[in-house]
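To find a chain, count down the sequence lines: A is the first, B the second, and so on, and within it residues start at 1.
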Amino acid sequence: MTESEVARVFAEEWVRVVATLRQDLGDLDAAEDAAQEAFAEAVRSWAVHGVPERPGAWLTTTARRRAVDRLRREQRFAARMPALARSDTWEDPDPSRLVDDELALLFGCCHRSLAIEAQIALTLRAVAGLSTEQIARAFLVPPATMAARIGRAKRKIAAAGIPFSVPARDELADRLTAVLSVIYLVYTEGHASGTGEMLMRGDLCEEALWLAVTLTELVPDEPEVLGLAALLHLTDVRRPARVDQTGLPVLIEHQDRSRWDAELLTQGLALLTRARRTHRPGPYAVQAEIAALHGLAARWEDTDWDAIVDCYDQLLAMSATPVVALNRAVAVAMRDGPEAGLPLVEQLMADPVLSRYHYLHAARADLLRRLGRSGEAVTAYRQAISYCTNDAERRFLSSRVDLLDGAAEPVRTQPR
Amino acid sequence: MRYAFLLYSDPTAGPEEDSSEQADEMKQWYSYSEALATSAGMTAGEALQPGTVATTVRVRDGRTTTTDGPFAETKEVLGGFYIVDVPDLDAAIEWAARCPLAPYGSVEVRPIMEFPQQT
């Protein structure tokens, strides 16, 4: 096996080992510690003896042995013995049990009694196997802060009796919503960071895709699980083209489509097909349809805006939020011209949620620009900049202002 | 696992005194307490009189001070509590959500600190 193949084995096996051990030990912290030790041992041992035939079994058994050793040292073995007295041989875990264990881990990490930041951090740590430093860097907080956040969450899990179990059938959809939003938030954080210099943090996007796909394997045929996986793949298609060399965002309109990821497009469309087959479309699936329509257009001019507007109508019927209304207005402007879109956007200016959302002002600015109302467009771009917390996006918006400043008419002030 | 349910509400929220809504709510409280006792391992539960008739006692530097009223002036005031014993936090949350006060107040679900048995 090559080094990168070993890395992939590690990446896949982490969650399996942690999940199995957590179930055995009833203790997330101990499970992670044991897994950590097993993986460290694997690095040493496999370098000398080569990669074993069944690396997963090797890792799980080794981790279990480490856990037993530690329990013996801490003299807590007696209480845990029944669970650990399971086979100590090089066996691959029973697949259906593994699914349950992994789901239990995921649902536990995404429990509603934990703050959302804690759910995200725990999921990335325990399920995706990112180190605390990696997660801290991804969310732009100091490592000590992230370590404290994760530590607090684990203490709460133990102290408050947060259950790690697969929810009953009638609760499953509800609990899935939490897991799906954690995965979605990981992706959006990676796709367009809220603060800081860089526009995208690729690692987070990859982790989110992996989590989404893993979930489709654990919970097959669930419409929104498939929908989210499709959406993330189809959105990620455009990642290679989304920023230019200076780190400025590039609008879809101007992206070099030859850089779009064809394989992700294929995978995303396959997931979308599976989502459609459930005949129960949810918001993620509809958003995936929109991303698919962009992905399938050979050029910006070929984009099927009619179909996109239809999708937004569908989305509004499912969840009438101001952001969806705004995105629909932008699509209407593409289909029917800026004069059709502008009134829809301006209707939203009074919305308390949107009024501080930089994209609302940027969208309005863009429509004004297309209508030749440059002075007003500049003002609107400036408003957008004032609400924008991402450096790269601010620079982009400023560049739009610069382009227009030459063409702008002087703003006429009214006499008092 | 044992949990305390700490019941908080704004004194001006909830049904008016001596109204038919209050009579209804009293029946709900009765059923709720019964259910907790039967199925949630409830070992204690009391309604408290309003915070306005509370006294707060502190001893600082050997001196005892008393304050008229609850320990802090807050909008939502502690109005009662239960001690229950249920399998996990999900069970506790489910029970807490059924509390008659939950629609207009807050139920804090706090795990009980268990100390090892002293021999």
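- Surrounding CZ of A:Arg280 are more than 12 heavy atoms belonging to other residues, nucleotides or ligands, all under 6.0 Å away.
- With a 4.5 Å cut-off on non-hydrogen atoms, B:Ile112 does not touch chain A at all.
- For CE of A:Met318, the number of neighbouring non-hydrogen atoms (other residues, nucleotides, ligands) closer than 6.0 Å is greater than 12.
- Annotation for A:Ala159 and B:Pro111: closest pair O-CB, 3.3 Å, computed over non-hydrogen atoms.
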Quick one: donor-acceptor pairs between chain A and chain B, under 3.5 Å, side chains and backbone, table format.
residue: A:His111; atom: NE2; partner: B:Asp90; partner atom: OD1; Å: 2.6
residue: A:Arg112; atom: NH2; partner: B:Asp90; partner atom: OD1; Å: 3.3
residue: A:Ala160; atom: O; partner: B:Tyr3; partner atom: OH; Å: 2.7
residue: A:Gly161; atom: O; partner: B:Leu89; partner atom: N; Å: 2.9
residue: A:Arg175; atom: NH1; partner: B:Asp90; partner atom: OD2; Å: 3.4

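- Here A:Arg149 pairs with nothing under the side chain to side chain donor-acceptor pair (under 3.5 Å) rule; sequence neighbours left out.
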